[in-house]
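Just so we're on the same page: letters track the sequence lines, and every chain starts at 1.
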Protein chains: 2
Amino acid sequence: MPAKRTANIGEYLIRRLHAHGVRHVFGIPGDYVLGFYEQLQHSPLKIINTCDEQGAGFAADAYARVQGLGALCITYCVGGLKVANTTAEAFAEKSPVIVISGAPGVKEREKNPLLHHKVRNFDTQKKVFDELTVASTVLEDPQTAFQEIDRVINAALRYKRPAYIELPRDMVAVPGHPHYRPRAVVETSNPRTLKAALAAAAEMINAARQPVIIADVELHRFGLQEPLVRLAAKTNIPVASTLLGKSVIGEQHPFYLGVYEGAMGREDVRRYVESSDCVILLGAFLTDINLGVFTARLDPARSIYATSEKLSVRYGNYEDVRLQDFLQRLLRAKLRPRRVGRWPQPIKMFPGAPARANVPLTVRRLFECLNAFLAEDTVVVCDVGEALFGAADLFIRRGTDFLGPAYYASMGFAVPACVGVQLANPRSRPLVLVGDGAFQMTGMEISTALRYGLNPIVVVLNNRGFGTERPMQDGPYNDVAPWQYHRVPEVLGGGRGFLVRTETELGEALAAAAKHKESYCLLEVLLDPNDHSPALQRLTQRLARKI
Amino acid sequence: MPAKRTANIGEYLIRRLHAHGVRHVFGIPGDYVLGFYEQLQHSPLKIINTCDEQGAGFAADAYARVQGLGALCITYCVGGLKVANTTAEAFAEKSPVIVISGAPGVKEREKNPLLHHKVRNFDTQKKVFDELTVASTVLEDPQTAFQEIDRVINAALRYKRPAYIELPRDMVAVPGHPHYRPRAVVETSNPRTLKAALAAAAEMINAARQPVIIADVELHRFGLQEPLVRLAAKTNIPVASTLLGKSVIGEQHPFYLGVYEGAMGREDVRRYVESSDCVILLGAFLTDINLGVFTARLDPARSIYATSEKLSVRYGNYEDVRLQDFLQRLLRAKLRPRRVGRWPQPIKMFPGAPARANVPLTVRRLFECLNAFLAEDTVVVCDVGEALFGAADLFIRRGTDFLGPAYYASMGFAVPACVGVQLANPRSRPLVLVGDGAFQMTGMEISTALRYGLNPIVVVLNNRGFGTERPMQDGPYNDVAPWQYHRVPEVLGGGRGFLVRTETELGEALAAAAKHKESYCLLEVLLDPNDHSPALQRLTQRLARKI
């Protein structure tokens, strides 16, 4: 390539994704996007073909959570509208995914012909994604295309939410503006407001008898785990997390209490948090699940609430203060260190008794054994249901090693997500926990792991139905067809499958999976349909009241 | 139930669906829709649980095409947004599907809390479906709920397009307006315009030397196949169909020419149609694929164009004329009968030579053998790719026995669609033609056929990749992971699988499938990745010019 040649629009898009750390693009081609796929194929970005576009969407979301930015590339409407749900999840749970959609050429759109894949009008897909993203653009003008690409990617990074780029196929190879240069986006807090907020917060914390931090998912998204740990270490204030924010702090940390989720979670954590006279909520989503279906008792009069969107200290709101600035400056504020107190400790959950042969496995024993199995390189990826709610008390060693859609709660996330996780962090080995219902939605994406040489361990919790719904209201509609999940490797032509009925079989399968590192392992674990974790029982009792 | 009790909103919705012929509802439950599922469970409508919501969407679309109305019932956002693409397909190809989504209760929405499954605002999903449907409503007011249900269902039936009903969960059991009675919607043509249009059309047809009818999909959607056949029989004017409208007229009919698709289709049909001095387009979609990627030469000066949205005779447009009225009245107009002429005949495509052992199967031979296999009760359901384009010349005996998404062209349609087809028409046995790429998207929905005792025959055309794209531009992104499709029955615990490499094996597998009527049969047919039907070659050469 001659040094001074102006990049074309496709090249510039690839270059900017690469500059922001993207190394993999997930998707499936189609004729409206083939030209850009050919550019991708000859770029430093690696294309990851999933089985269905939905799988690409979940994988890109998980990749973005680990890497800081993800990218998805699909064709017009028949590809794009298949990722409406995964993009919604990324929006709801703040995951910056760039959705790149091929599209009919600008010239082809004249006179509004009925081109294949069109729904109502040529802008139908764009309008749908306007609802599901934080920024969107159609790159129809070479003069502004580069600027638009940067605007949209910057918005995704600023708000940690997905963004949409539509690339008409006759624009891919068109050069952009030759003199355009990207400008760094600098955003600052209002210094006076920041100072006032800090003073109020410091006073409140110092006056408190028993302050506590609730650390949530935004600290992870904005890369603020390290200041969080320093704040705890400096002040000796203990830290709880939430289900959505689980693993934002490594759970071996001596200041870590466990997951707080109102009356749904551990009683000792609830009591400690709710008896606090100063609850410091950092980057927290006050969702129904995080708040234990609103059983949480958090009084604004006793709270500091700092997120990327809002900052309040007791009843006072402070505008124009960035979460990063608030947390960094809080670290430098005069906060009195406390004596290390007696606070709740995370449950270690190691199996108390040795495995017993021929004893059917229970949910409780399954999680105990999985807990003991977690290794330094394990990343736990959960799907919705018992897999997620039962996993709240797993003991996650390091930060960012637990992923689960604990707010948006879309089933089908975990298996495709593990592909994104392991590509973003090749030193990890994902442990996927997924129910049978969720596996039937997207579980065959384990094929994608096989194709690209990944080696996740997938545990299918087979309780023959939608276990979260049965306790709320049961009927045949909660049944799931009885697949032989452990035989999936026979269809895919690779990987290893295990059928697990007893504690002994679980132990043997996990030991074999730990040794088998060449490809994925799939453990089908048979569970009683009426056996639920205590956490799930509490949750569903509460949720059932609304039906 | 006491005779005079006012129905509640859920009951009324069920009653109206039933009144319009709906007997099955496709979907997956979730907590926001569990209450309505319980009502469905105790209603005359049967719930069909698919593996993923996407499968339910395709199944409901196919059901609507056969039955006249389809229904889908999913939970809020995590279910609803998974069917954005299938609803878009129903919109584009005019299939009346009622999308019923559970949702947070009206009372729960106060103060805009972060309830699980929420994306941006509580109306986000509604806004998305406003783009993809012809009518939409949120049943938040018991006073108007019944009226809204009727308005939305009537719109779907009037326009043959999907509609959206959002059912907040605290509204399901609330009684509606006690004195509301549904009113029949009567729509009429403007009598003077209709008369003028008929006069112009009759004059043009009578003056024509060689008139020809192109019958397309709207005739099927509006139930006008019978007047079409009568028109042909009365006037001796021959009929071509399109790929999207294929089987709108039974292909054994002596007046049937074959599929017209410009230069993409059979040359004799093209020549006959394009040399006509009066092309009568009935219910036609002028899409790129129907028009052979715009190779069709159809001159408005020589055309009568009648659809549900537009009527023109040569350059004159006629407003407010219904397609039904125009066609019915045309039947009664003075049209001179012609002599039965010599026009092209559909290719019979029966295998010329007996099957040869150990000869690898080619695409051409596959379609010849499938053609010979078609029986009276066969309904052919095609997915996108060679499965669809190569099937254009299959000889479909009766009307409505060929389904394929030949305009919107979303991959993944066929396997879930066959579930909808066979439930809507239990006397049929679907023959599903699906590529390996499309099978990996939704093929595991064959599980749903097994679960509900259906017995489709699924032919997987395994050419190891996206065969439609390879001729346009090839790269590793067109490869599909090598599954052992014929071993899928081992995972599902039922059905029969066949591996087919040669003509002999194909003959044996088809014979066995014809006998095995207890469950589905899956034939994995190995094809050379570079072997394409002539139709696909012509299509992709043309499409490749736009990349």
Please state whether the side chain, the backbone, both or neither of [X] comes within less than 4.5 Å of a heavy atom of chain B.
X       : value
P476(A) : both
Q41(A)  : side chain
I47(A)  : side chain
I48(A)  : neither
F294(A) : side chain
V480(A) : backbone
E53(A)  : side chain
Y407(A) : both
P29(A)  : both
Q125(A) : neither
R120(A) : both
D474(A) : backbone

Option that, when pairs with chain B are counted at under 4.5 Å, heavy atom only, ranks first among [options]:
options                            : answer
V128(A), L115(A), V488(A), L291(A) : L115(A)
I289(A), N478(A), D479(A), V384(A) : D479(A)
Y485(A), W483(A), F36(A)           : W483(A)

From [atom1] ([X]) to [atom2] ([Y]), nearest 0.5 Å:
X       : Y       : atom1 : atom2 : answer
Y37(B)  : Q473(A) : OH    : CD    : 12.0 Å
K82(A)  : K82(B)  : NZ    : NZ    : 13.0 Å
N49(B)  : Y477(A) : CG    : OH    : 10.0 Å
L81(B)  : T86(A)  : CG    : OG1   : 10.0 Å
T124(B) : D130(A) : OG1   : CG    : 12.0 Å
M441(B) : C51(A)  : CE    : SG    : 9.0 Å

Any donor-acceptor N/O pair, H116(A) side chain to Y408(B) backbone, under 3.5 Å: no
Side chain of R487(A), backbone of L492(B): donor and acceptor closer than 3.5 Å? no
Let me know if [X] has heavy atoms under 4.5 Å from chain A in its side chain, its backbone, both or neither.
X       : value
D170(B) : neither
Q54(B)  : side chain
E93(B)  : neither
L450(B) : neither

Run the numbers on L34(A) and M472(B) for side-chain contact (heavy atoms from CB on, under 4.5 Å), then give the verdict. CA-CA 8 Å; L34(A) 268 180; M472(B) 298 195 232; 4.0 Å; yes
Any idea which heavy atoms bring D31(B) and E469(A) closest together, and the distance? N-OE2, 4.0 Å
Quick check: do M411(A) and D52(B) have side-chain heavy atoms less than 4.5 Å from each other? no
Step by step, would you call V491(B) with E490(A) a side-chain contact (heavy atoms from CB on, under 4.5 Å)? CA-CA 8 Å; V491(B) 170; E490(A) 297 167 35; 5.9 Å; no
